[in-house]
Student: 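Questions regarding the structure given below will be posed in turn.
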Amino acid sequence: MTVLRTQGLSKSFGGLEAVRDVDLSVPQGQVRALIGPNGAGKTTLVGLICGRIEPSRGTVSFLDQDVTRLPVHQRIRRGMGYTFQITSVLSNLSLRENVALAVRPREKSEDVVEGEVVSALTQVGLVHRIDQHAGDLSYGHQRLLEIAMGLGQRPKLLILDEPTQGLSEGEVAAFNSLIRRLAGETTVLLIEHNMDVVMAVADEITVLDFGAVLAEGTPDEIRKNAGVQAAYLGTG
Amino acid sequence: MSDLRKTLGLHVGLLLVLLALNWLLPAYHHGNLARIMVLASYAIGYNVLFGYTGLLSLGHAMFFAAGMYGMGLTVRHLGWSPAPAVLAGVGAGLVLSLVVGFLALRTTGVAFMIVTLMFAQAVFLTVLYFGEYTRGDEGFVIQQVDRILLGIDLTDPNNRYLAALLVFAICLLATFWLVRHRFGKTIIAIRENEDRTRMLGYDVFRHKLGAVVISGSISALAGATYGLLFGYAGATFASVQYSIFPLLWVLLGGAGTILGPFVGTLFMFYLIDLSSEITTAYMLIAGVTLVLLTLFAPQGLMGEVRARLFRWLP
Amino acid sequence: MDFGPYLILASLEGAVAASVLALTAVGLSLVFGVMRVVNVAHGEFFMLGAVLAWFVASSIGGHPALGFVAALLVAPVLVGGLAAAVDMTVLKRVAYDPERTIVATIGILYIIQQVTLMTYGPDARPVTPPFNTRLAIPWFEFADGRVQMYWPWGLSTTSYKLFVIAAAAIMLLAVWLMMTRSKIGLVMRATQLDSEMAQAFGIPVERVYAMVFGIGCGLAALGAVLIVPIQQAHYLMGTDPLLLSFIVVIIGGLGSLPGTVIAALLIGMSDGIISVFYTPTLAKILSTLLVAFVLVFRPQGLFGTRERE
């Protein structure tokens with residue numbers, strides 16, 4: 001089954017086409033990486049997918065339903081999870097409350113919520129800090145909390161926007177293994193700069209350049225693709 | 001002792017102390033405290049929006065006035081008895097806050113403040129415009145015969161105090177309950193980070209609208225109660241000043257704390273009461289307090305207490 | 001009086017109101033434009049200008065024109081200085097946070113108003129205009145097959161009212177020249193565009209802010225000095241100018257000086273004209289609602305897009 005499919009998705013700001021005719025199809029359980037040089041339109045594309053930006057043309061379907069006209073919160077309720085590029089945990093609230101807020105939209109019972117909070121925080125290794133304020137965490141831990149919130153949503157599609165930015169090497173390794181564990185049950189769309197991470201965790205890679213899809217394929221194929229190399233080296 | 005026990009104990013304890021004071025206070029302070037409890041209920045309503053949702057309204061007097069006139073006009077012109085009249089007041093506040101919220105929530109930040117200010121000003125001017133019914137600035141008195149609720153004469157100081165305490169207790173416990181439950185926790189999350197909350201799957205607009213309506217209705221209940229207990233409705237209660245007061249009380253007491261509105265109202269009431277014996281320019285105190293609070297204690301009294309002493313305070 | 005002469009009279013009254021309003025609103029708009037803060041105490045600086053004008057004028061003897069000219073020079077400068085001091089002691093310390101600035105300026109509003117009440121008192125006091133010749137205005141009528149000129153009773157204005165209009169126009173021109181042609185204006189516009197960048201280029205942003213706040217409030221005071229000979233000085237007179245300036249600035253597009261002036265003329269004239277024919281209360285209800293709806297439905301061009309934290 002295809003979890004996410006975009007058809008002819010485009011967005012222009014003024015005269016500039018930030019995203020142009022993107023057809024994307026992500027099957028269930030895949031870890032798909034979205035890469036491209038700065039300004040290639042990755043963030044805009046993700047914004048279009050989760051509804052933060054309205055498209056100029058094209059459609060987004062999620063779980064075989066057209067969601068192009070749905071507002072953000074309804075897409076999230078249908079199973080999209082999104083973690084921010086810039087950490088935006090609720091810093092005056094406890095870790096417990098942060099994750100609980102992510103769980104509640106799909107769970108009525110507070111007892112079940114509590115159980116899932118503990119389990120999500122355990123997965124990212126932060127459960128011993130459950131009563132601390134999120135703002136007191138180190139940057140790397142805040143990123144992990146973001147991921148725990150993503151897990152708490154138990155999304156069918158988890159969109160991670162630059163998740164390893166600012167993480168230490170050890171934390172990156174822990175992140176990689178977390179994503180590998182998720183793969184299979186959760187579909188992941190990963191926007192990432194760190195090519196080591198991409199190559200380690202992605203099943204398939206989509207390369208975006210000047211707002212359009214430049215190449216698509218397995219990590220190996222992408223590595224060998226001359227067009228991609230040119231785009232990254234800036235000689236294309 | 002769990003945090004819930006502690007906080008519940010604290011709040012119920014406060015209500016019991018207030019109850020006991022009914023028989024202990026000298027007449028002057030007894031009357032003041034009754035007034036303070038009703039005004040604190042107004043501040044509690046304001047706090048739901050400002051303290052917990054993070055929306056700064058400069059126009060809450062319109063909801064207070066909606067309650068007061070919804071009650072007063074139905075008594076005066078339609079001869080309603082107090083109970084349905086108070087309900088009419090709350091209903092007026094509810095409808096008004098629904099409409100105003102629906103419009104004003106399309107804006108954020110400074111624009112939201114100005115829009116609420118403008119709507120409140122329009123309501124205030126409307127009260128003056130229909131002076132034939134409202135008697136404008138002069139206002140009108142609600143007669144003693146109209147202030148008997150279920151056989152209880154609310155002009156009697158004792159009954160009046162207990163009625164004020166009842167309304168205050170309802171508002172206090174309702175917000176206490178609210179912030180411990182799903183809706184309350186969501187509006188707090190919106191206050192902390194609106195965009196993040198939306199991306200967790202919450203309908204931010206509906207929650208904010210809900211907060212405006214709850215806040216407006218509590219304010220209206222306070223307004224209706226005030227008019228009924230103290231027997232008067234006048235345009236002053238719809239003026240800008242009465243929009244600034246709850247902001248001042250809540251800022252002073254501590255925004256986003258359950259006890260803050262009461263503490264702030266109590267302090268400010270006596271500050272103004274004491275200074276009005278010395279000068280007619282008693283609003284000077286309000287101005288100075290506002291500036292000092294913004295500069296030095298944006299968290300207010302209870303906010304400071306919570307930050308320094310008891311982190312469990314709701 | 002017939003409708004025609006009546007309309008002329010209303011327009012003249014409207015033009016006087018509009019000129020003073022334009023000065024006041026341009027001050028508010030300047031502050032918002034450059035500093036991105038809303039000054040709720042703006043009306044009180046207006047009031048202070050009027051009250052100071054009375055103090056200055058009544059302490060100088062001789063011909064009324066002497067006192068008036070002195071007031072015209074002294075009151076705006078004093079008010080501007082006070083405003084700059086307020087900026088440095090209060091607004092700077094809340095880091096020009098939009099919401100906290102509003103709360104702080106509400107506090108300042110009450111402080112200025114109540115201190116005036118304590119010192120100047122609750123009375124309304126006039127300032128004698130420097131000159132005040134009554135000028136009758138002719139009207140034309142078509143009767144007996146030919147145009148006749150006559151002087152309707154009550155259709156007149158005064159030389160002073162015409163002076164107010166002219167003075168306001170000159171001041172607005174001066175503000176415009178300052179903003180577009182002078183170095184100070186350039187510095188202000190640079191600060192408005194990007195205060196951090198301006199700071200990086202060595203512009204003393206803090207001093208610019210204090211100056212802008214001073215000039216903004218000084219303009220309000222100037223408007224007030226012009227109006228005291230027509231309206232009296234009173235400690236509560238700041239409310240209406242504040243509200244009307246808000247309306248003008250919001251309708252005109254915040255921070256845009258030409259837009260503000262045009263809106264001031266529009267609102268000032270129509271307010272003058274409407275309140276001649278309808279009750280002022282109804283006119284005010286409609287204009288406050290208008291502002292609210294403009295903000296709700298056309299916010300982008302007015303308050304701009306609000307940046308999220």
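In what follows, chains are A, B, ... by sequence order, proteins preceding strands, each numbered from 1. Please read these numbers as outputs of a predicted model, since none were measured by experiment.
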Student: Does the side chain of C:T281 come within less than 4.5 Å of B:T126's, by heavy atoms?
Tutor: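 A side-chain contact under 4.5 Å is absent here.
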
Student: Sort out for me which of B:L292, B:T116, B:L105, B:L290 touches chain C most, counting heavy-atom pairs under 4.5 Å.
Tutor: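 Counting heavy-atom pairs under 4.5 Å, the top option is B:L290.
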
Student: Does any backbone or side-chain atom of B:L58 lie under 4.5 Å from a heavy atom of chain C? Answer side chain, backbone, both or neither.
Tutor: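 Only the side chain of B:L58 comes within 4.5 Å of chain C.
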
Student: How long is the span from the CD atom in B:Q121 to the OG1 atom in C:T239, to the nearest 0.5 Å?
Tutor: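 So the CD of B:Q121 and the OG1 of C:T239 are separated by 8.5 Å.
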
Student: Looking at every non-hydrogen atom in both residues, tell me the closest pair between C:V296 and B:L103 and how far apart they are.
Tutor: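 Taking every non-hydrogen atom into account, CG1-O, 3.4 Å.
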
Student: Could you tell me which residues satisfy salt bridge (charged side-chain N to carboxylate O under 4.0 Å, His left out) with C:D240, sequence neighbours excluded, listed by chain and number?
Tutor: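 Counting only residues at least two positions away or on another chain, C:D240 forms a salt bridge (charged side-chain N to carboxylate O under 4.0 Å, His left out) with C:K284.
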
Student: With a sphere of 6.0 Å drawn around OH of B:Y133, does it hold more than 12 non-hydrogen atoms of other residues, nucleotides or ligands?
Tutor: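 Atom OH in B:Y133 is not crowded, with 12 or fewer foreign heavy atoms closer than 6.0 Å.
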
Student: Calculate, to the nearest 0.5 Å, the distance between atoms CG and CZ belonging to B:L251 and C:R100 respectively.
Tutor: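 CZ of C:R100 is found 10.0 Å from CG of B:L251.
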
Student: Under 3.5 Å, side-chain donor or acceptor atoms of residues 82-91 of chain C against the rest of the protein: list the pairs with distances, not counting sequence neighbours.
Tutor:
| residue | atom | partner | partner atom | Å |
| --- | --- | --- | --- | --- |
| C:D87 | OD1 | C:Y96 | OH | 2.9 |
| C:D87 | OD2 | C:Y96 | OH | 3.1 |
| C:D87 | OD2 | C:A210 | N | 3.4 |
| C:T89 | OG1 | C:A85 | O | 2.8 |
| C:T89 | OG1 | C:V86 | O | 3.4 |

Student: Given that the side chain runs from C-beta out, which part of B:L293 has a heavy atom under 4.5 Å from chain C: side chain, backbone, both or neither?
Tutor: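 No part of B:L293 comes within 4.5 Å of chain C.
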
Student: Can you tell me which portion of B:F296 sits under 4.5 Å from chain C's heavy atoms? Options are side chain, backbone, both or neither.
Tutor: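 B:F296 touches chain C through side-chain heavy atoms alone.
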
Student: Within a 6.0 Å radius of atom CD on C:E206, are there more than 12 heavy atoms belonging to other residues, nucleotides or ligands?
Tutor: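 No, because the 6.0 Å sphere around CD of C:E206 holds 12 heavy atoms or fewer from other groups.
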
Student: Indicate yes or no: at least one non-hydrogen side-chain atom of C:L289 is less than 4.5 angstrom from one of B:M118.
Tutor: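 Of all side-chain heavy-atom pairs linking B:M118 with C:L289, none is under 4.5 Å.
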
Student: Between C:I102, C:T101, C:L286, which shows the greatest number of heavy-atom pairs under 4.5 Å with chain B?
Tutor: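 Option with the greatest count: C:I102.
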
Student: For chain C, find which of B:V115, B:L247, B:L248, B:L284 contributes the most heavy-atom pairs closer than 4.5 angstrom.
Tutor: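 Most pairs with chain C among the choices: B:L284.
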
Student: Please give me the minimum heavy-atom distance between B:T294 and C:V94, naming the atom from each residue.
Tutor: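 Smallest interatomic distance, heavy atoms only, reads O-CG1, 4.0 Å.
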
Student: Considering only heavy atoms, which portion of C:I111 lies under 4.5 Å from any heavy atom of chain B: side chain, backbone, both, or neither?
Tutor: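 Both the backbone and the side chain of C:I111 come within 4.5 Å of chain B.
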
Student: Would you mind checking which part of B:M283 comes under 4.5 Å of any heavy atom in chain C, side chain (CB onward), backbone (N, CA, C, O), both or neither?
Tutor: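 Both the backbone and the side chain of B:M283 come within 4.5 Å of chain C.
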
Student: To the nearest 0.5 Å, what is the distance between CD1 on B:I114 and OG1 on C:T288?
Tutor: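 Taking CD1 in B:I114 and OG1 in C:T288, the distance rounds to 13.0 Å.
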
Student: Pick whichever of C:F246, C:Y235, C:F293, C:Y110 has the most heavy-atom pairs under 4.5 Å with chain B.
Tutor: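 It is C:Y110.
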
Student: What is the distance from atom OH of B:Y129 to atom CG of C:L282, rounded to the nearest 0.5 Å?
Tutor: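 It comes to 4.5 Å.
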
Student: Would you mind telling me which of B:V240, B:V123, B:I244 has the largest number of heavy-atom pairs within less than 4.5 Å of chain C?
Tutor: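 Most heavy-atom pairs under 4.5 Å with chain C: B:I244.
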
Student: So, the side chain of C:R93 versus the backbone of B:L295: is there a donor-acceptor pair under 3.5 Å, distance only?
Tutor: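 The answer is no, because no donor-acceptor pair under 3.5 Å joins these two groups.
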
Student: With a cut-off of 6.0 Å (strictly less than), are more than 12 heavy atoms of other residues, nucleotides or ligands near CZ of C:R189?
Tutor: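 Yes, enclosed.
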
